[in-house]
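Let me begin by presenting the structure, written as structure tokens, before commenting on it.
Residue numbers start from 1 in every chain, and the chains themselves are labelled A, B, ... in the order their sequence lines are given, proteins ahead of strands.
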Amino acid sequence: MANPFAITRSNEEGLSILALDGYLDAHTAPQFEKAVEAEFNAGRLKIIVECSHLTYISSAGLGVFMSFVEEIREAGGDIKICGLTPKVLQVFDILGFPVLFDIVEDLPAAIRKYAETPVKEI
Amino acid sequence: MANPFAITRSNEEGLSILALDGYLDAHTAPQFEKAVEAEFNAGRLKIIVECSHLTYISSAGLGVFMSFVEEIREAGGDIKICGLTPKVLQVFDILGFPVLFDIVEDLPAAIRKYAETPVKEI
Amino acid sequence: MASMERTFALHVPSSTENLALIREFVAAVGVQAGFSPKELGQLELAVDEACANVIEHAYGCDGTKEVTVRAMFDDDSLHIEVIDTGKAFDPGMIQQVEVGTLVSDRKSGGLGMRLMKSFMDEVHYHMVPGEKNELRMVKRLQKG
Amino acid sequence: MASMERTFALHVPSSTENLALIREFVAAVGVQAGFSPKELGQLELAVDEACANVIEHAYGCDGTKEVTVRAMFDDDSLHIEVIDTGKAFDPGMIQQVEVGTLVSDRKSGGLGMRLMKSFMDEVHYHMVPGEKNELRMVKRLQKG
Ligand SMILES: Nc1ncnc2c1ncn2[C@@H]1O[C@H](COP(=O)(O)OP(=O)(O)O)[C@@H](O)[C@H]1O
Ligand SMILES: Nc1ncnc2c1ncn2[C@@H]1O[C@H](COP(=O)(O)OP(=O)(O)O)[C@@H](O)[C@H]1O
């Protein structure tokens, strides 16, 4: 309750990993937005959002993915998403996010995805 | 949510261990009452209630301890309590339960307590 | 078992801080109504989106107003009402834009009403000018 | 920060099944008010005991009635009201028995009101005959 949402940053093989923990709703989305913006501004454009501890997402959280990805892709980067639990995945699915984003099983798969397809073509 | 309270029974060195998991309030106390009653009726009178996964207790749960312990002690048994988290312990404390019940750190301590003092004298 | 209706209500200040409590409320009622964990996630989301819209759009992020969520269920379905006393709007005028287009346009919003409609069986707005705005949603129980 | 009052309310059917939701409600409000985890546990317990008494004693375990919990806080304290429309009673007539005596008498009850008084700074009953019974409790915030 004291800390309903947290983001842990790390680096692996030149990729920027943002691991989300807790719930991402209209209250906590600004925190996520700032974190993505910070990566972008620092030129760390190959972003992986790791969601295995993300318990909930609403449209406010999804909006962060939507609003940044074009700019990041134009600059040669991408946002790849991994580790979604079934509860959270159904939200991405129903909106058709899998067509627009690379959504993969887990972190190793996300790292491999960057090797195969650095920027998703849509 | 589907299973807010559960009791796991086991035996160790002739002692009956009831491990509580979840919350013990007016809604779930009848379940605990039945479990203690079943031990008593089966003549398993040396009971340890293990509470390390008990997240909450209200007076309805405390009432089960109060209403059975005399009868069990008269029959030569006892109820010893162990593993209380600080949140739950403060409720036992404020009511003065430590004078009336053996409340110890953990399961090994409860087993040792039965070797030292089979029936608490009050 | 006879069809007995049960009614719940929650009133909270119009701050996004309270969305988590609103979801806990809806989930607790939904469990009692008999929804599956997956359906509970859908319910929480639909009501969260409705309340987030009230806070952002109807109240313009003024956190001193009140959001009311009422929930009733019987053996067939769960009815949710989200009530505010803020600005009314005409839901018929809101165009639903494809997610791909939102992404190209770098939009961060525009998904809330779509999610409500995707996850609830009925979604109706009912505005009483100068008095209140009411959003009514229904989710039917799957008979198994 | 100016002292701004925030008001919350929860209405649920008078069933013990809803005590868990009542505790979640109180905890969510208590977190916002600024109570510590230990104090939150005390708040949850006091309100749970009050509502369990309403369900058992005021309504005689009739699950079709309503329990209302209202919560308001400012910078100084949290005020809780538990409201029912069941049987009134005279709290002054209730004798508080020692726990040791309850144990000797093999009683399973008699601790609820003691717990409320132990964990809240104020506990007052306010009965409006034929209309409603109200239990008002106050917990003050420790200034640190
Ligand atoms: N409760 C409401 N009060 C006023 N306007 C609303 C309300 N709900 C939705 N709207 C309007 O409908 C639009 C679309 O809403 P929605 O699909 O939830 O996306 P978003 O809220 O992200 O913009 C909003 O931008 C707003 O103009
Ligand atoms: N809300 C209430 N309505 C009617 N009677 C009540 C109420 N609360 C308490 N009482 C009376 O006060 C007595 C003591 O209450 P309490 O200390 O909570 O213990 P318990 O509920 O376990 O008996 C109850 O047995 C009941 O007779």
Side-chain angles (χ1 to χ4, degrees), chain A residues 1-5 22-34 36-37 40 54-75 78-79 81 84-103 119-122, chain C residues 12-24 26-27 30 35-59 61 63 67 94 96-120:
Chain A
M1 279 302 244
N3 205 356
F5 179 66
Y23 61 74
L24 191 44
D25 65 2
H27 194 61
T28 57
Q31 221 175 306
F32 180 44
E33 187 177 352
K34 276 202 204 87
V36 174
E37 202 166 26
F40 183 74
L54 182 68
T55 54
Y56 175 82
I57 194 163
S58 75
S59 70
L62 297 165
V64 178
F65 291 97
M66 290 203 308
S67 60
F68 276 101
V69 73
E70 282 279 304
E71 211 165 9
I72 288 173
R73 282 177 184 159
E74 279 175 11
D78 202 358
I79 303 178
I81 302 164
L84 296 172
T85 62
K87 182 183 167 187
V88 174
L89 179 58
Q90 70 173 335
V91 185
F92 283 84
D93 272 345
I94 204 140
L95 293 170
F97 266 58
V99 176
L100 302 165
F101 288 84
D102 282 326
I103 299 179
V119 182
K120 183 172 176 72
E121 314 211 351
I122 56 173
Chain C
V12 297
S14 49
S15 149
T16 54
E17 203 175 351
N18 293 317
L19 292 172
L21 172 56
I22 289 168
R23 295 194 299 271
E24 286 178 18
V26 171
F35 288 103
S36 70
K38 189 178 160 185
E39 290 167 323
L40 291 176
Q42 300 172 353
L43 267 174
E44 285 180 61
L45 182 66
V47 180
D48 172 321
E49 295 293 344
C51 294
N53 277 351
V54 163
I55 292 167
E56 185 182 347
H57 303 302
Y59 288 132
C61 299
V67 181
I94 307 298
Q96 244 172 46
V97 181
E98 278 310 302
V99 180
T101 311
L102 293 171
V103 167
S104 315
D105 294 350
R106 298 164 192 205
K107 287 273 161 57
S108 66
L111 298 175
M113 288 171 70
R114 179 195 305 256
L115 284 169
M116 287 182 234
K117 286 178 195 159
S118 300
F119 285 143
M120 301 297 279

Point to revise | Distance flag, aromatic centroids of A/Tyr56 and A/Tyr23, threshold under 6.0 Å | key: no

Review point. Checking heavy atoms, do the side chain of C/Glu49, its backbone, both or neither come under 4.5 Å from chain A?
Key: side chain

Check your understanding: Given the options A/Thr28, A/Leu100, A/Asp25, which has more heavy-atom pairs under 4.5 Å with chain C than any of the others?
Key -> A/Asp25

Point to revise | Part of C/Glu56 lying under 4.5 Å from any heavy atom of chain A | key: neither

Check your understanding: Got a donor-acceptor contact below 3.5 angstrom from the A/Gln90 side chain to the C/Lys38 backbone?
Key -> yes

Review point. Any donor-acceptor pair under 3.5 Å linking the side chain of C/Asn18 with the backbone of C/Pro13?
Key: yes

Point to revise | A/Leu95 versus chain C, the contacting section by heavy-atom distance below 4.5 Å | key: both

Practice item. Using non-hydrogen atoms and a 4.5 Å limit, figure out which bit of A/Glu71 sits close to chain C: side chain, backbone, both or neither. Key: both

**Study point:** Proximal component of A/Phe68, with respect to chain C [non-hydrogen, under 4.5 Å]
**Key:** neither

Exercise for review: Could you tell me which non-hydrogen atom of A/Gly61 sits nearest to which non-hydrogen atom of A/Leu24, and how far apart they are?
Suggested key: CA-CG, 3.7 Å

Review point. Can you tell which of C/Ser104, C/Gly100, C/Ala52 has the highest number of heavy-atom pairs within less than 4.5 Å of chain A?
Key: C/Ser104

**Study point:** Side chain, backbone, both or neither of C/Gln42 within contact of chain A (heavy atoms, under 4.5 Å)
**Key:** both

Check your understanding: Between the main-chain N or O of A/Gly22 and the side-chain N or O of A/Thr55, is there a donor-acceptor pair closer than 3.5 Å?
Key -> yes

Study note, to complete from the structure: Scored by heavy-atom pairs under 4.5 Å with chain A, the best of C/Arg114, C/Glu17, C/Arg106, C/Glu44 is C/Arg106

Practice item. Determine whether the side chains of C/Glu39 and C/Ser36 contain a donor N or O and an acceptor N or O closer than 3.5 Å. Key: yes

Point to revise | Trace of the salt bridge (charged side-chain N to carboxylate O under 4.0 Å, His left out) decision for A/Glu121 with A/Arg73 | key: CA-CA 9 Å; A/Glu121 314 211 351; A/Arg73 282 177 184 159; over 6 Å; no

